[in-house]
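Structure first, commentary second.
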Amino acid sequence: KLILLDSLLQETKMKRSTVLLKQFSSVSLRDGVAVNLAHSAGHRTARNSVQRRLVSLDSPSKQSAAVHPQYTPTASELLQADLGNMFHEIHQELEHQLAESSQLKEMAKYYFDGKGKAIRPVISLCLGHAYNLHNNRGDDIELKKKQRLVAIISEMIHTASLIHDDILDHAETRRGKPSVNSVWDSLKSTFCGDYIIATCSKLLARTNNEEVILLLSTILSDLVQGELMQLQNKKEESERFQDYLDKSFNKTASLMAYSCQANAVLAGASKDESNNAFLYGKHLGIAFQLVDDLLDFVSSADQLGKPAAADLQLGLATAPVLYAVSQYPELNDMILRRFSKPGDVEKAFECAVSSGGIEETRKLAKDHCDIATESLAGLKDSMFKLALTNLCDSVLNRVK
Amino acid sequence: TKLILLDSLLQEIMLTKPLRCGLGRGLSLSRQTGDKPFRKFNFETSRLGHTLPASYVKVNKWNRAVSEAEKLVGYPTSLMSLRALMSDDLTNMAVHFRKLIGTDHPVLKTVKRLLYHGKNNMQVRGLLVLLLSRAAGSNGNSDIDTNTGVINDQRKLAEILEMIYTSQCIHQSVVNVPVNTAAEPDEQVRTVLQQLEYGNKIAILSGDYLLANACTGLAALRVPKIVELIAQAIVEFTQAEFLGKQDPQGKLLPTPDTILQENWEEKWKLSTGGLLGAGCECAMMVSKQPEELLKAAKELGVHTALAIQAYDEMKLFSVDGSIGSGAPFPLCSAPVMFHLQSDEELLDYLQQFSEDLLQVDYRMVLTRVCEGNGLEKTHELCRQHVDKGLEYLRKFPENDGRQAYENLLLAMV
């Protein structure tokens, strides 16, 4: 394959691409690699041809597991050039006005170590690009700069919220290393989180777009709302699942939804179009959270980088447990007392696993992914649009 | 019903664990939605025997200036009026605050101070912005409340400012507990630690809630520059939390290279000056004032905040009876700092407590500070900033708004 790809590059440079590309269509290449290479070769015709070819390939989900089970998401590769420098820039932004000796410097950068999934900026930027192409603004550099800023801001907001979350959950580790509040302390970590959010607001103001500022500010309220909702349990069993989904929106999907919508707005999308962007982010985000919740039951601690059954230990009833209630009504009381009695956590774990709650959760996640994909149906085809669809698969199939 | 619940909670908070602050009896909160000012009560005069004469008179002067100001621009935007805006969530939070009653978590004390003492504790940022707005005039903007002369967006800005300041105070009351409290072997200690942890949770969440609301409020003003300026102020005050030498609980310890006036000014400029300065500047932006008034507003805000800080610190040593009983007080406050400039022995004494400032003999420190010229110099510091503030204030048109602001400044010296 590499040899084939090499010669493709050579051919594109010599502008004899069309013939070779026809040969390629039968090779089931992971879209992004081929397209990226063609893209970087800078030959527009080649890129367009490859795109057309790829869109007509078999449905991605069949390919993904069979061809490249360990493959990183296509969208990431597509955006490697754009986002590769992201952490370095975030570091600069966070430290440029701090004194040499400030402890805040170290603390603020601590979680921006490149070890996280960094999937959020990829999602919103990829969507931005898709909308740019849809509106024929693919070459607008100023526009792309702003969208990139939005993507970076979304990652920063996410990380800042992690800092406060870790204090609230008295976490001792995150992403395989000691949590920021255990290395330093709660008080300083609180203000560190505030510092990052304030820096985000400054960056946000730089987009100079009132609607974008409004959209991204809403994320902050939603995040807090989600945490507040977590403090209380709805007593009504029937309301519980909806409450859980609302919480998931606030805590996870809101960020993705609004950053996607913001990038669509920047690209000049109409009200309906930007709403579709919102829906994509929202449903992808909910699917993401659902998978997160089921991984808590399925994965072992070293794969996740944080302890497993963490949600139960925190007294939180997530989808697998909520699904299990119909089969094991004793879970109701446990949920109400937030698994505080000794043995509750273990029992709830077993119930969730044996009741098929996990499979149900996975199915629900798939449903949300389908809705997400449908939201993009109206967009012009592009490698970015395809990447967004494939992103749904990688969300469903991830193991950490 | 929600407001009634909130009211009863507040009453509960106020009545249990009364402040050791020599404040009077007969407290009763208005049960209405905060359109009436609090009933006035009498401060006890200082019980310290340390002489700062006329402190009682000064407090009344301040109270009077504030009341006059309120009459001009409406009820101050303290937290009490915010409850009308945030009923649902605030009442949910109130339930959690209730669980903290009887614990020693500092956030309760903070909330008491903010809710109850409001203007008496210098919570006047919003009021100052409103006064300045009235003074500068609406410059043709028609979205104005004719009674107060304040543009509606200016009022919103004032409320946002209060929210941010409140959030800052609440976050400052987070306590450093070990991360893994469950590992503590002693059951009693463990219970206390877990209570403190819970208090931290409430403190962090309510602070975040206020900050988030402030951000959406700012965004709704639809002026990106305002978002930028206020965000910069927040950047500054979060930075300020990391300045200076601190003990494990985050309390500041004065060191030989941090006891100069400029150190104090640098810290407080970042910690409170930036916010009031930005608030004033942004209020002027709303009414589209010329560049020089924007600059003047900003400087006015900064100097006012510094004057207020100096005044507040002075008051700690005079009216607040709790200090006399040996309770801890901030060792980097201006009176102490000025005193330490000429009392090397005391400065050395303090250095040995860098692991736990609660062990300091505060009674001794207090005596020595009051014997020296620390308080006098702080008074001077306050006057300096009041004067600078007045300089900038006088660039604004002469009217009752400006006069009311002036009165507030003058009430501090």
Side-chain angles (χ1 to χ4, degrees), chain A residues 97-99 101-105 107 161 164 166-172 178-179 181-225 227-229 231-232, chain B residues 89 92-93 95-96 167-168 171-182 194 196-197 200-243 246 248-250:
Chain A
Q97 64 171 103
L98 292 180
S101 54
S102 178
Q103 218 177 19
L104 181 55
K105 244 191 218 183
M107 287 182 75
S161 73
H164 278 197
D166 283 346
I167 310 173
L168 293 174
D169 298 340
H170 36 90
E172 291 177 74
S179 60
N181 48 303
S182 55
V183 175
W184 287 278
D185 59 50
S186 307
L187 182 57
K188 293 213 168 85
S189 304
T190 306
F191 280 106
C192 180
D194 291 346
Y195 173 75
I196 300 178
I197 294 287
T199 310
C200 285
S201 288
K202 263 173 67 179
L203 288 175
L204 195 46
R206 257 186 240 169
T207 60
N208 214 18
N209 181 312
E210 293 152 24
E211 182 153 8
V212 165
I213 297 177
L214 206 47
L215 288 171
L216 293 185
S217 302
T218 315
I219 298 175
L220 297 174
S221 307
D222 285 349
L223 282 174
V224 181
Q225 200 64 31
E227 284 296 322
L228 286 176
M229 286 169 86
L231 277 186
Q232 32 189 145
Chain B
D89 298 305
N92 286 333
M93 290 303 297
V95 170
H96 295 286
S167 157
Q168 181 186 9
H171 273 183
Q172 280 167 345
S173 37
V174 165
V175 172
N176 284 332
V177 244
V179 185
N180 194 359
T181 53
Q194 285 175 336
L196 288 175
E197 224 174 36
N200 279 355
K201 199 167 187 159
I202 304 301
I204 294 175
L205 282 178
S206 23
D208 283 350
Y209 177 83
L210 290 166
L211 214 50
N213 262 9
C215 285
T216 37
L218 283 173
L221 295 175
R222 299 203 158 243
V223 181
K225 186 74 184 167
I226 291 184
V227 175
E228 187 183 330
L229 290 176
I230 304 278
Q232 174 62 21
I234 302 177
V235 161
E236 285 173 3
F237 77 61
T238 50
Q239 258 179 269
E241 294 297 317
F242 291 81
L243 288 178
Q246 302 175 9
Q249 277 303 324

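Reminder, nothing fancy here: chain letters follow the sequence lines and each chain counts from 1. All values below were derived from every heavy atom in this structure, side-chain atoms included, with hydrogens, water molecules and symmetry-related copies excluded.
- Atom CG of B:N180 and atom CD of A:E172 lie 4.0 Å apart (nearest 0.5 Å).
- There is no contact between B:P178 and chain A, counting heavy-atom distances below 4.5 Å.
- In terms of non-hydrogen atom pairs under 4.5 Å with chain B, the most contact-rich of A:S189, A:S186, A:S201, A:A171 is A:S186.
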Checklist entry - Going through the distances and angles, do B:E228 and A:K202 end up as a salt bridge (charged side-chain N to carboxylate O under 4.0 Å, His left out)? => result CA-CA 5 Å; B:E228 187 183 330; A:K202 263 173 67 179; over 6 Å; no
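- Contact of A:I196 with chain B is not made at all, since no heavy-atom distance falls under 4.5 Å.
- Interface residue A:S182: backbone and side-chain heavy atoms are both found under 4.5 Å from chain B.
- Taking A:S179, A:C200, A:S217, A:S102 one by one and counting their heavy-atom pairs under 4.5 Å with chain B, the maximum is reached by A:S217.
- Taking the side chain as every heavy atom from C-beta outward, A:I213 and B:P224 approach each other to under 4.5 Å.
- For the atom pair A:D194 CG and B:H171 NE2, the distance stands at 5.0 Å (nearest 0.5 Å).
- Here the closest non-hydrogen pair linking B:F242 and A:M107 is CE2-SD, 3.6 Å.
- Defined by atom type and a distance below 3.5 Å, a donor-acceptor pair is present between the side-chain atoms of B:D208 and A:H164.
- The CG atom of A:L215 lies 12.5 Å from the OG1 atom of B:T216; values are rounded to the nearest 0.5 Å.
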Next on the checklist: Determine whether A:I167 and B:N200 satisfy the following criterion, side-chain contact (heavy atoms from CB on, under 4.5 Å), listing intermediate values before the conclusion.
Outcome noted: CA-CA 9 Å; A:I167 310 173; B:N200 279 355; 5.6 Å; no
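- Taking 4.5 Å as the limit, every side-chain heavy atom of A:E227 sits out of range of all side-chain heavy atoms of B:Y209.
- Considering every non-hydrogen atom in both A:S221 and B:N213, the closest pair reads OG-OD1, 4.5 Å.
- Looking at heavy atoms from C-beta onward, B:Q246 lies in side-chain contact with A:K188 at the 4.5 angstrom threshold.
- When all heavy atoms of A:Y195 and B:V235 are compared, the closest pair comes out as CE1-CG1, 3.6 Å.
- Rounded to the nearest 0.5 angstrom, A:L204 CG and B:C215 SG are separated by 9.0 Å.
- Only the backbone of B:Q249 comes within contact range of chain A, with heavy atoms under 4.5 Å apart.
- Comparing A:D169, A:N208, A:D222, A:T218 by how many heavy-atom pairs each has under 4.5 Å with chain B, the most go to A:N208.
- Contact of B:L211 with chain A is made through the side chain alone, with heavy-atom distances under 4.5 Å.
- Atoms CZ and CG, on B:R222 and A:L214 in that order, are 5.5 Å from each other to the nearest 0.5 Å.
- Nearest heavy-atom pair across A:L187 and B:Q172 is CD1-O, 3.9 Å.
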